[in-house]
Amino acid sequence: ATRIKEIARIEGARDNDIVGYGIVVGLAGTGDSTRSKATMQSVTNALLQFGVKVPPEDINSRNVAAVIVTASLPPFSQPGDKLDANVSSMGDARSLVGGHLLMAPLKAANDRVYALAQGQISVGGFKFDYNGNVVQKNHPTVGMIPGGASVERSTADQLVSAEGTVNILLDDPDFTTAS
């Protein structure tokens with residue numbers, strides 16, 4: 001016997017990509033330089049949320065980095081479900097090793113927030129520089145946070161059509177399989 005899920009899928013049930021912008025803190029001098037104006041403005045905005053007023057031109061720290069955060073929201077996700085979050089540097093940071101992502105909202109194409117991501121970044125690469133000798137493995141400016149995004153809103157998949165039917169789409173359609 002073959003189960004339906006092995007040869008077909010339900011119409012309307014699909015993954016949704018979500019994306020957000022955030023800042024990573026706690027970097028040991030490997031973050032964005034002051035040339036990265038977006039990072040300096042982001043730090044200013046983050047501090048302002050806590051009542052601290054510092055102009056962007058007064059921020060001189062390589063311990064933060066601007067990042068893009070992505071995740072895949074599976075069908076039937078419910079608030080509280082955990083997702084893996086991918087984090088990628090978008091400035092001139094040298095490494096995200098040891099970094100912690102501050103809370104970043106993740107939006108879908110409809111501009112609605114579906115998840116919030118934050119946490120310690122796990123980086124699968126390194127870069128070591130000693131007296132001009134550079135050794136690098138993988139990409140130290142890309143990492144992930146396992147279970148680091150929390151679903152805040154369900155996708156409310158429309159599985160039942162207006163006529164009250166559920167459509168099943170075959171993975172490899174032909175008349176024999178359909179019958």
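Residues take their numbers from the sequence shown, with the count starting at 1.
- At least one donor-acceptor pair under 3.5 Å links the side chain of Ser77 to the backbone N or O of Pro74.
- Taking 4.5 Å as the limit, every side-chain heavy atom of Pro79 sits out of range of all side-chain heavy atoms of Arg153.
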Acceptor/donor pairs from residues 106-116 side chains to any protein atom, 3.5 angstrom cut, sequence neighbours excluded:
residue : atom : partner : partner atom : Å
Lys107  : NZ   : Asp111  : OD1          : 3.4
Asn110  : OD1  : Arg112  : N            : 3.1
Asn110  : ND2  : Tyr114  : OH           : 3.0

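- Taking hydrophobic clusters as Ile, Leu, Val, Met, Phe, Trp and Tyr residues chained together by side-chain heavy-atom distances below 4.5 Å, Val52 shares a cluster with Ile59.
- In this structure, CG on Asp17 lies 9.5 Å from CG on Leu73, to the nearest 0.5 angstrom.
- Across Gly91 and Ser36, no two heavy atoms sit closer than the pair CA-OG, 4.4 Å.
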Test side-chain contact (heavy atoms from CB on, under 4.5 Å) on Val151 and Leu83; report intermediate values, then the result. CA-CA 7 Å; Val151 175; Leu83 309 172; 3.9 Å; yes
Please table the atom pairs, donor to acceptor, closer than 3.5 Å between any side-chain atom in residues 18-32 and protein atoms at least two apart or in another chain.
residue : atom : partner : partner atom : Å
Tyr21   : OH   : Ser42   : OG           : 2.5
Thr30   : OG1  : Ser95   : O            : 2.9
Asp32   : OD1  : Asp92   : N            : 3.1
Asp32   : OD1  : Ala93   : N            : 2.8
Asp32   : OD2  : Thr39   : OG1          : 2.5
Asp32   : OD2  : Ala66   : N            : 2.9

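- Between atom OG1 of residue Thr34 and atom CZ of residue Arg62 there is a gap of 8.0 Å, rounded to the nearest 0.5 Å.
- Put simply, CD1 on Ile10 and NZ on Lys5 are 11.0 Å apart, with the number rounded to the nearest 0.5 Å.
- The CZ atom of Arg94 lies 11.5 Å from the OG atom of Ser89; values are rounded to the nearest 0.5 Å.
- Cluster membership check: Val97 shares its hydrophobic cluster with Val67, using side-chain heavy-atom separations under 4.5 Å among Ile, Leu, Val, Met, Phe, Trp and Tyr.
- In this structure, Gln118 CD and Leu102 CG are separated by 7.5 Å, a value rounded to the nearest 0.5 Å.
- Scanning both residues, Ile121 and Gly143, for their nearest heavy atoms gives CG2-CA, 3.9 Å.
- Using a 4.5 Å cut-off between side-chain heavy atoms of Ile, Leu, Val, Met, Phe, Trp and Tyr, with links allowed through other members, Val69 and Ile145 fall into the same hydrophobic cluster.
- Residues Met103 and Val87 do not share a hydrophobic cluster, clusters being chains of Ile/Leu/Val/Met/Phe/Trp/Tyr side chains in contact below 4.5 Å.
- The line from CD1 of Ile7 to CG of Asp172 is 9.5 Å long, rounded to the nearest 0.5 Å.
- For the pair Pro75 and Arg14, the minimum side-chain heavy-atom distance is 4.5 Å or more.
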Trace of the side chain to side chain donor-acceptor pair (under 3.5 Å) decision for Asn45 with Gln41: CA-CA 6 Å; Asn45 294 345; Gln41 185 65 55; 3.0 Å; yes
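- For the pair Ala8 and Asp171, the tightest heavy-atom approach, listed with the atom from each and the gap, is N-OD2, 3.5 Å.
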Under the side-chain contact (heavy atoms from CB on, under 4.5 Å) rule, what do Leu48 and Lys53 come out as? Steps first, then yes or no, please. CA-CA 5 Å; Leu48 196 57; Lys53 296 180 182 177; 3.6 Å; yes
